[in-house]
Enquirer: 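Sharing a structure here in structure tokens format.
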Amino acid sequence: MIHITFPDGTVRQYPKGTTALEIAASISEGLARNVLAAKVNGKVIDATRPIEEDATLQLLTWKDKEGKATFWHSSAHLMAAAIEQLYPGAKFGIGPDIENGFYYDIDLGDTVLSSKDFEKIEQKMKELAKKKDAYVRKEVSKADAIAYFREKGDEYKLELIDELQDGEITFYQTGDFVDLCRGPHLPDTSKIKAVKLLSVAGAYWRGDETRKQMTRVYGITFPKASELKAYLHMLEEAQKRDHRKLGAELELFMFSDKVGQGLPIWLPNGTALRTRLEDFLKAEQIKRGYQPVITPHLGKKDLYVTSGHYEKYGKDSFQPIHTPHEGEEYLLKPMNCPHHCEIYRHRPKSYKDLPIRIAEFGTVYRYEQSGELHGLTRVRGFTQDDAHIFCTPDQVKDEFLNVLDLTKYVLQKMGFEDFTAQISLRDKEDRSKYIGSEENWEKAEQAIMDAVKEAGLDAVVEYGEAAFYGPKLDFMVKDAIGRSWQLGTIQVDYNLPERFQLEYIGPDNQPHRPVMIHRAPFGSMERFVAVLTEHCGGHFPLWLTPQQYAILPISDKYSDYAEAVQQQLAAAGIRGNIDRRAETIGRKIRDTEVKKIPFMLIVGEKEKQAGTVAVRRQGEGDIGTMPVAGFIDYFKKLL
RNA sequence: GCCGAUGUAGCUCAGGGGUAGAGCGCAUCCUUGGUAAGGAUGAGGUCACGGGUUCAAAUCCCGUCAUUGGCUCCA
């Protein structure tokens with residue numbers, strides 16, 4: 001007998017060689033039906049594998065991340081099996097699960113697959129799933145594995161096998177389809193009830209553009225048809241909220257071929273929104289001891305040679321600008337940091353001056369590959385809500401706390417509730433690739449962990465993800481429809497202070513090197529406005545939205561009264577305009593609704609006589625008539 | 001940059017080897033209306049750009065550019 005310890009701490013006895021599935025069945029039939037895989041001693045394995053010794057056991061279902069991953073990985077196999085039957089001779093690369101679903105890279109020879117073929121493949125997958133074929137695990141020798149795929153003529157699998165050790169190679173078989181795979185997999189295919197292929201795309205074998213391009217088919221599956229329906233609904237919702245679509249509809253921004261790819265042009269509405277965001281953050285930063293500065297959009301090449309950015313961006317980015325003067329070269333700034341370092345050097349610093357917090361909404365230019373560009377989230381010219389904090393190593397923790405607090409405050413104010421952090425630290429073993437003293441790194445990493453703990457922030461720690469010049473923390477937010485975005489970032493930097501020879505005089509009357517912290521709560525104005533637009537579906541927070549109301553006169557006879565109302569609202573700091581068109585009131589309401597303007601104030605004879613406005617809330621309808629002062633009160637309570 | 005898709009009026013799109021279509025928007029006129037589209041008339045297009053095939057190209061072919069879904073990358 002072996003002892004199985006469950007997550008709640010209870011221990012039960014089972015015969016040696018019992019499977020997780022059998023254990024589940026001993027608890028309840030329903031549980032057994034729902035088990036997708038098992039975590040045994042912390043390792044995810046097939047629920048059908050015998051457990052040979054005492055172990056901790058977690059039964060994985062659809063609710064668990066690993067359960068979903070197993071489900072989708074098995075679905076990738078199912079799709080490959082279907083494609084193999086429909087397209088004999090197809091060769092397979094890799095087919096993993098991903099965040100939402102799975103994909104498989106396939107070499108179909110000359111056959112071109114398009115979304116028109118999806119239904120056929122989906123049908124085949126469903127047909128195969130119904131057969132309830134088990135996913136059978138087989139340990140094979142390297143020689144046998146090579147023989148099998150050589151026979152099949154699949155050079156991709158042969159290449160993968162070549163990199164594996166003999167003795168650790170396993171095959172999984174479902175029906176007639178055999179795949180090289182580490183597993184784990186579902187007990188059988190019947191769990192896969194709902195299937196949807198999502199897209200095809202080209203993808204290089206092993207991500208290497210010098211190698212063969214394969215067809216990557218993306219799909220997603222669910223254990224229930226209703227869940228697929230809900231997922232597709234979410235995708236539709238995401239499409240409706242796409243900031244490129246809303247940005248055009250609400251006239252926030254545009255692009256012009258004549259101006260250039262990836263160079264966003266902010267229209268009046270977008271500018272109103274962005275300016276308000278900037279003003280909000282600026283005011284908050286001044287409260288927290290930041291000093292705003294303004295620096296030029298260019299800098300001499302030498303500046304970037306000193307900073308090291310020339311090496312990184314010089315060749316692959318916008319080319320240097322040559323002036324009429326011989327040999328003079330300027331670069332569009334890819335970063336604000338070098339300019340800020342020069343500000344630090346402006347005059348000698350004492351330890352008593354630190355920390356110094358230099359802030360700038362700095363527009364930077366980076367040449368992104370054309371395929372990279374995407375709406376406002378990926379552009380070639382963007383404005384960072386940048387600031388650099390220069391401090392002593394001992395001040396790092398307090399500064400981090402300050403920045404975490406600011407970032408949390410700012411994001412909450414925008415209606416983001418769900419955020420987490422990712423802390424990127426050094427590789428645990430290889431420390432050679434990092435610059436800066438061991439002592440300072442140790443101090444900074446500890447400071448970040450402590451600050452995050454004190455701030456009460458959920459964080460995951462990733463080792464080996466730190467930049468060569470310092471550890472960092474990224475803010476991840478979840479939006480209203482459950483997607484994660486990386487926004488704010490805080491990075492410690494030991495490199496630039498070194499390169500720019502930054503110093504401060506300590507209490508010991510000796511020069512010391514300050515630590516530099518880069519931080520941007522929004523990341524960039526462009527990206528943030530994009531994420532915010534999608535998060536709130538174009539219904540921006542009331543305090544932020546470009547137009548807070550529209551006055552809709554019943555006819556042009558009430559224009560004067562409309563203007564009087566507008567003046568009162570303006571005096572109260574509420575912004576909006578008057579729809580003076582000679583249209584019916586129904587029409588004006590419709591157009592204003594579509595523009596997502598939060599309040600409609602309808603004025604006609606009755607309102608003019610009584611000094612009131614008939615208030616309509618966007619998306620909700622008539623909320624009653626009130627005196628203008630009453631509306632102002634009502635409105636202010638909502639801010 | 002690479003692979004795929006797309007490019008027709010300001011917008012959304014239909015059509016398609018033989019003189020270019022709709023709805024919305026826009027302009028003018030009529031209408032002065034009470035909570036999601038009032039009516040009439042009209043203007044708007046080198047069918048992305050360049051080349052080729054053809055008696056004839058917006059349509060077929062090639063190239064370029066842009067947009068878009070991916071691949072690598074980052075804010």
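By convention in this document, chain letters (A, B, ...) are assigned in the order of the sequence lines, proteins followed by strands, and residues within each chain are numbered from 1.
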Enquirer: Going by the rule side chain to side chain donor-acceptor pair (under 3.5 Å), which residues pair with A:Tyr561 if we only count those two or more places apart in sequence or in a different chain?
Expert: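 Scan of A:Tyr561 (side chain to side chain donor-acceptor pair (under 3.5 Å), adjacent residues dropped) gives none.
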
Enquirer: Which part of the nucleic acid, if any, lies within contact of A:Leu487, taking any heavy atom under 4.0 Å across all strands shown: a base, the sugar-phosphate backbone alone, or nothing?
Expert: sugar-phosphate

Enquirer: Can you check whether any acceptor in the base of B:C73 is under 3.5 Å from a donor in the side chain of A:Arg378, or vice versa?
Expert: yes

Enquirer: Using the C1' atom on both, measure B:C29 against B:A66 and round to a whole Å.
Expert: 41 Å

Enquirer: What is the distance, rounded to the nearest whole Å, between atom CG of A:Leu473 and atom P of B:A75?
Expert: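 Result: 14 Å.
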
Enquirer: Quick one: sort the A:Phe416 and A:His535 rings into parallel, tilted or perpendicular, breaks at 30° and 60°.
Expert: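 Taking A:His535 first and then A:Phe416, their aromatic rings lie parallel (interplane angle under 30°).
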
Enquirer: May I have the distance from A:Phe255 (atom CZ) to B:C11 (atom C1'), rounded to whole angstrom?
Expert: 18 Å

Enquirer: So, OP1 or OP2 of B:G69: does either fall under 4.0 Å of a side-chain N or O from A:His374?
Expert: yes

Enquirer: To the nearest Å, how far apart are A:Lys595 NZ and B:C11 P?
Expert: 18 Å

Enquirer: With C1' as the reference atom in both, quote the distance from B:U54 to B:C60 in angstrom, rounded to an integer.
Expert: 10 Å

Enquirer: Quantified in whole Å, what is the C1' atom distance between nucleotide B:U53 and nucleotide B:C13?
Expert: 30 Å

Enquirer: Taking the minimum atom-to-atom distance to the side chain of A:Gln384, which one of B:U67, B:A75, B:G69 wins?
Expert: B:A75

Enquirer: Check the angle between the aromatic planes of A:Tyr103 and A:Tyr218 and answer parallel, tilted or perpendicular using the 30° and 60° thresholds.
Expert: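 Taking A:Tyr218 first and then A:Tyr103, their aromatic rings sit tilted (interplane angle of 30° to 60°).
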
Enquirer: Assign A:Arg617 to base, sugar-phosphate, or nothing according to its heavy-atom contacts below 4.0 angstrom with the strands shown.
Expert: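 It contacts nothing in the nucleic acid.
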
Enquirer: Hey, does A:Val364 reach any base, or is it just sugar-phosphate, or nothing, if we go heavy atoms under 4.0 Å?
Expert: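 No contact.
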
Enquirer: To the nearest angstrom, how far is A:Asp105 atom CG from B:C71 atom C1'?
Expert: 9 Å

Enquirer: Will you find, in the side chains of A:Gln566 and A:Asn577, an N or O donor that is under 3.5 Å from an N or O acceptor?
Expert: no

Enquirer: Hey, can you tell me if A:Phe253 and A:Phe255 have their rings parallel, tilted or perpendicular (30° and 60° cut-offs)?
Expert: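 Plane angle over 60°, so perpendicular.
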
Enquirer: Can you tell me how the ring of A:His518 sits relative to the ring of A:Tyr469, calling it parallel under 30°, perpendicular over 60° and tilted otherwise?
Expert: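 A:His518 and A:Tyr469: tilted rings.
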
Enquirer: Below the 4.0 Å mark, does B:U67 have OP1 or OP2 next to a side-chain nitrogen or oxygen of A:Gln261?
Expert: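 Yes.
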
Enquirer: Given that A:Thr377 and A:Leu373 both sit by RNA chain B, which one's nearest nucleotide is further toward the 5' end?
Expert: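 That would be A:Leu373.
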
Enquirer: Within the stacking criterion (centroid distance below 5.5 Å, interplanar angle below 30°), does A:Phe382 stack on B:A75?
Expert: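 It does: the ring sits over the base of B:A75.
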
Enquirer: With C1' as the reference atom in both, quote the distance from B:A9 to B:U46 in angstrom, rounded to an integer.
Expert: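 Between the two C1' atoms, the distance is 13 Å.
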
Enquirer: When we call it a touch if two heavy atoms are under 4.0 Å apart, what does A:Tyr218 touch: a base, just sugar-phosphate, or nothing?
Expert: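 The residue A:Tyr218 makes sugar-phosphate contact but no base contact.
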
Enquirer: Starting from C1' on B:U67, measure out to CZ on A:Phe253 and report it in whole angstrom.
Expert: 13 Å

Enquirer: Please confirm whether the backbone N or O of A:Thr612 pairs with a side-chain atom of A:Glu607, one donor and one acceptor, at under 3.5 Å?
Expert: no

Enquirer: Please determine whether a side-chain nitrogen or oxygen atom of A:Tyr365 lies at a distance below 4.0 Å from atom OP1 or OP2 of B:A75.
Expert: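 The answer is no; no side-chain N or O of A:Tyr365 sits under 4.0 Å from OP1 or OP2.
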
Enquirer: State, without any angle test, whether A:Asp479 and A:Trp485 hold a side-chain donor-acceptor pair at a distance under 3.5 Å.
Expert: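 Yes, A:Trp485 and A:Asp479 have a side-chain donor paired with an acceptor closer than 3.5 Å.
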
Enquirer: Would you call the rings of A:Phe635 and A:Phe631 parallel, tilted or perpendicular, where under 30° means parallel and over 60° means perpendicular?
Expert: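 Ring orientation of A:Phe635 relative to A:Phe631: tilted.
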
Enquirer: Base contacts versus sugar-phosphate-only contacts with protein, heavy atoms under 4.0 Å: please encode nucleotides 26-35 of chain B as B, S and - from 5' to 3'.
Expert: -----BBBBB

Enquirer: Quick one: stems involving RNA chain B, counted as three or more successive Watson-Crick or G-U pairs, both distances short of 3.5 Å.
Expert: B:1-7 with B:65-71, B:10-13 with B:21-24, B:26-30 with B:38-42, B:48-52 with B:60-64

Enquirer: Rounded off to whole Å, could you give me the CG-to-P distance for the A:Leu198 and B:G69 pair?
Expert: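 My rounded result for the distance is 14 Å.
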
Enquirer: If you measure from the P atom in B:G52 to the same atom in B:G44, how many Å do you get, rounded?
Expert: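 Comparing P positions in B:G52 and B:G44 gives a spacing of 31 Å.
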
Enquirer: Indicate syn or anti for B:G69, taking the glycosidic torsion and treating anything within 90° of 0 as syn.
Expert: anti

Enquirer: Assess the side chains of A:Thr295 and A:Lys333: does a donor N or O sit below 3.5 Å from an acceptor N or O?
Expert: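 Checked: A:Thr295/A:Lys333 side chains pair up, N/O donor to acceptor below 3.5 Å.
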
Enquirer: Are A:Lys557 and A:Glu605 within salt-bridge range, i.e. N to O under 4.0 Å?
Expert: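 A:Glu605 and A:Lys557: not salt-bridged.
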
Enquirer: Which of the following nucleotides, B:G1, B:G69, B:A36, is nearest to the side chain of A:Tyr367?
Expert: B:G1

Enquirer: Over how many whole Å does the gap from A:Arg216 atom CZ to B:C3 atom C1' extend?
Expert: 12 Å

Enquirer: If you measure from the C1' atom in B:C24 to the same atom in B:U64, how many Å do you get, rounded?
Expert: 33 Å

Enquirer: Quantified in whole Å, what is the C1' atom distance between nucleotide B:U35 and nucleotide B:U67?
Expert: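 It comes out at 39 Å once rounded to the nearest Å.
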
Enquirer: B:G70 P sits how many Å from A:Phe102 CZ, rounded?
Expert: 16 Å

Enquirer: Please name the residue in the list A:Arg617, A:Lys588, A:Gln618 that meets the side-chain contact (heavy atoms from CB on, under 4.5 Å) test with A:Met600.
Expert: A:Gln618

Enquirer: P atom, B:G21 versus B:G50: distance in rounded Å?
Expert: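 Nearest-Å result for B:G21 against B:G50 at atom P: 23 Å.
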
